[in-house]
Each structure stands twice: as C-alpha cells, then as structure tokens.
Amino acid sequence: MKNASTLLKKYIKTGGAFYAYAVVTLATGEKLTLTSDRDFMISPNSYTEQGGSDGFPLGAAVSKTITLTIDNIDERYSKYDFYYARIALYTEADIDYQALRDINNDVVKDIENDPILTIEPHIERMQEGVFTVLEPVAIGDVIELTAYDDMWKSDRTFTTQLTYPTTALQLLQEVCTSCGMVLGSPTFRNSDFSISSVPEKTTGRKIIGYIAQLACGNAVIQNGMLTIKTHDFSA
C-alpha cells in the first residue's frame with residue numbers, strides 16, 4: 001500500500017494532473033533529478049509488475065520494472081554512465097491548495113474532521129519504488145532507462161546452510177540475507193510451517209515464491225523491503 005496524505009487523496013478524487021519525478025543516484029554516488037517538464041519524453045514510459053504467471057497470481061515473487069525515456073537532444077546527460085544507477089521514482093502532483101494551519105502550526109479541520117484548505121501552491125510526491133539499471137545504456141538524443149526493483153537480487157543460485165527441519169520464516173530470513181535483501185515481514189501466515197527437506201538446485205526467487213504460496217499470497221518489494229502479502233479470501 002502506498003502512503004498518501006489527505007491532501008493528495010482529495011486531489012486524486014478531483015481528477016488532478018500527475019507527473020513523473022525521479023532522483024537518479026549513479027554508481028559514482030552523484031545524483032541527478034529528472035522532471036516531467038524538463039527531462040521525460042511523452043513516450044514510451046512504463047511501469048509494470050510481473051509475477052511470471054497469467055491469471056490470478058498465487059505464490060509469485062512479483063517484480064516491478066520501469067522504463068523511462070529521457071530527452072538528451074542538448075547532450076546534457078551524455079557524460080553520465082547510467083549502468084547500475086539507482087532510480088527513486090515518484091508520482092508528483094502540483095496541488096494548488098494547502099491545509100489551513102493555526103498559530104501552533106496544527107492543521108485546522110472541519111466538523112467532519114477533514115482539513116480546511118487554502119489556495120496556495122503545493123507540490124506533493126508519492127514514491128513508487130526504487131529501481132536499479134542492470135544493463136549498459138546507449139547514449140544518444142534519447143536515453144532509455146530500464147530498471148528493476150530489488151526482487152532481481154533473488155535471481156541467483158541459493159544453497160541453504162540451515163539445519164533441517166526448519167520453519168518457513170527461518171528459510172526466508174536466510175534467503176534474504178544470502179541475496180542482500182531486507183525482510184519486511186517479521187511474521188506471515190504459516191510462517192511456522194515446518195520444512196523437513198533441504199531445497200536443492202534452486203534459486204532464491206523460487207524459494208521466495210514457494211514460501212509466498214505457503215502464506216496464500218505473493219511476495220513483493222514494498223518500501224525497499226521484501227514483503228509477503230496474503231490474499232484475503234474472506235469474501
């Protein structure tokens with residue numbers, strides 16, 4: 001779930017315009033800021049999620065991919081190497097109102113507990129994720145960046161060092177440590193499920209998918225951490 005302020009939620013309901021905004025951290029540590037009005041081409045830009053299966057996904061380690069097309073006609077980005085750059089992507093809204101605040105800087109609310117708004121310029125951004133460029137980038141008048149969220153780190157051969165039987169949670173913790181990922185689910189459905197045999201000839205991503213299936217859901221990268229999201233079948 002993405003965090004959005006009350007102001008941004010109101011703006012979404014009114015059908016306001018949204019733009020792309022990105023902070024690119026190059027492998028050298030240098031940072032570049034990309035905005036819709038100055039840098040991004042109208043197309044092709046994309047944001048996709050892929051779990052490796054069609055239909056209703058279950059037991060998928062879902063990865064997100066972005067493609068950003070940058071205007072470089074003036075060659076302002078020609079000197080940069082985008083290989084292994086980290087891209088923090090945001091949805092930006094130029095909101096033309098702010099919440100009214102009292103003398104103590106507290107938000108003033110109406111009887112329905114909604115903020116009272118004033119007409120003032122206000123820019124708000126909602127992060128869509130952090131992505132890594134994994135292939136060398138061709139530099140020309142147009143630069144196309146394809147980047148992936150941190151699920152790519154699990155696409156590697158995994159060999160367990162645990163003693164079996166072990167629990168699904170302990171195995172997932174080992175996968176995350178081995179792949180350099182942060183586990184954002186300290187517990188999940190069936191996390192205490194006992195795994196009796198050693199997984200062999202597999203990858204970290206496959207193990208993550210199997211454990212997500214045990215939890216009746218999928219695995220995603222959320223706020224930079226691996227999170228198990230269980231489907232709600234109550235209906």
(message) Hydrophobic clusters here meaning ILVMFWY residues chained together by side-chain heavy-atom distances under 4.5 Å, can you tell me if Leu68 and Val23 are in one?
(response) no
(message) Go through it in stages, so that I can follow the logic: the residues are Phe82 and Leu32, the test is side-chain contact (heavy atoms from CB on, under 4.5 Å), and I'd like the CA-CA distance, side-chain angles, deciding distance and then a yes or no.
(response) CA-CA 10 Å; Phe82 290 93; Leu32 307 174; 3.9 Å; yes
(message) Test side-chain hydrogen bond (donor to acceptor under 3.5 Å, both in side chains) on Tyr19 and Glu92; report intermediate values, then the result.
(response) CA-CA 5 Å; Tyr19 307 93; Glu92 180 179 84; over 6 Å; no
(message) Test of understanding: clusters of I, L, V, M, F, W, Y form through side-chain heavy atoms closer than 4.5 Å, transitively. Do Phe131 and Tyr84 belong to the same one?
(response) no
(message) When you measure from the side chain of Thr25 to the backbone of Lys31, do you find a donor-acceptor pair of N or O atoms at a distance under 3.5 Å?
(response) no
(message) The test is side-chain hydrogen bond (donor to acceptor under 3.5 Å, both in side chains); show your working for Thr146 and Glu135 and say whether it passes.
(response) CA-CA 8 Å; Thr146 299; Glu135 296 90 19; 5.7 Å; no
(message) Taking transitive links into account, so neighbours of neighbours count too, which hydrophobic residues share a cluster with Met151 at under 4.5 Å side-chain distance?
(response) Phe158, Leu162, Tyr164, Leu169, Leu171, Leu172, Val175, Met181, Leu183, Phe188, Phe193, Ile195, Val198, Ile207, Ile208, Tyr210, Ile211, Leu214, Ile221, Leu226, Ile228
(request) Measure the CD-OG1 distance between Glu200 and Thr159 for me, rounded to the nearest 0.5 Å. (result) 9.0 Å
(request) Return yes if a side-chain donor-acceptor contact under 3.5 Å exists between Glu174 and Thr177, otherwise no. (result) no
(message) Among residues at least two apart in sequence or on other chains, which ones pass side chain to side chain contact (heavy atoms under 4.5 Å, CB included) with Thr48?
(response) Thr65
(message) Pairing donors with acceptors under 3.5 angstrom, does anything connect the side chains of Asn72 and Ser78?
(response) yes
(request) List, by chain and number, the other hydrophobic cluster members for Ile103, where Ile, Leu, Val, Met, Phe, Trp and Tyr join if side-chain heavy atoms come within less than 4.5 Å, directly or indirectly. (result) none
(message) Donor-acceptor check, side chain of Asp71 to backbone of Ile73, threshold 3.5 angstrom: yes or no?
(response) yes
(request) Taking atom NZ of Lys206 as the centre, report whether more than 12 heavy atoms of other residues, nucleotides or ligands fall under 6.0 Å from it. (result) no
(request) Could you tell me the separation between the CG atom of Asp149 and the NZ atom of Lys64, rounded to the nearest 0.5 Å? (result) 5.5 Å
(message) Assess the residue pair Cys216 and Arg189 against the criterion (side-chain contact (heavy atoms from CB on, under 4.5 Å)); give the C-alpha distance rounded to whole Å, side-chain angles, the decisive distance to 0.1 Å, and a yes or no.
(response) CA-CA 8 Å; Cys216 301; Arg189 181 181 292 181; 3.9 Å; yes
(message) To the closest 0.5 Å, what do you measure between CZ (Arg156) and OG (Ser178)?
(response) 4.5 Å
(message) Pair Arg205, Ser63 - check side-chain hydrogen bond (donor to acceptor under 3.5 Å, both in side chains), show working.
(response) CA-CA 10 Å; Arg205 187 164 181 176; Ser63 62; 3.3 Å; yes
(request) Please answer whether the main-chain N or O of Glu112 pairs with a side-chain N or O of Asp110 as donor and acceptor at a distance below 3.5 Å. (result) yes
(message) In this structure, would Met41 and Leu34 fall into the same cluster of hydrophobic residues linked by side-chain contacts under 4.5 Å?
(response) no
(message) Test side-chain contact (heavy atoms from CB on, under 4.5 Å) on Asp150 and Arg86; report intermediate values, then the result.
(response) CA-CA 10 Å; Asp150 281 353; Arg86 296 274 286 174; 2.7 Å; yes
(message) Is the terminal nitrogen or CZ of Arg125 (NZ for Lys, CZ for Arg) located under 6.0 angstrom from the six-membered ring centre of Tyr90 and within 45° of that ring's axis?
(response) no
(message) Classify the ring geometry of Tyr80 against Tyr77: parallel below 30°, tilted from 30° to 60°, perpendicular beyond 60°.
(response) tilted
(message) Checking Asp141 now: which residues fulfil salt bridge (Lys or Arg N to Asp or Glu O under 4.0 Å) with it, not counting sequence neighbours?
(response) none
(request) Go through the structure and list residues passing side chain to side chain contact (heavy atoms under 4.5 Å, CB included) with Thr28, not counting sequence neighbours. (result) Leu26, Glu30
(request) May I ask whether Leu89 and Ile143 are part of the same hydrophobic cluster, defined by side-chain heavy atoms of I, L, V, M, F, W, Y residues being less than 4.5 angstrom apart, directly or through others? (result) yes
(request) Give the intermediate values and the outcome of side-chain contact (heavy atoms from CB on, under 4.5 Å) for residues Glu49 and Val62. (result) CA-CA 7 Å; Glu49 294 187 6; Val62 179; 4.1 Å; yes
(request) May I ask whether Tyr47 and Val130 are part of the same hydrophobic cluster, defined by side-chain heavy atoms of I, L, V, M, F, W, Y residues being less than 4.5 angstrom apart, directly or through others? (result) no
(request) State which residues pass salt bridge (Lys or Arg N to Asp or Glu O under 4.0 Å) with Asp39; sequence neighbours excluded, sorted by chain then number. (result) Arg76
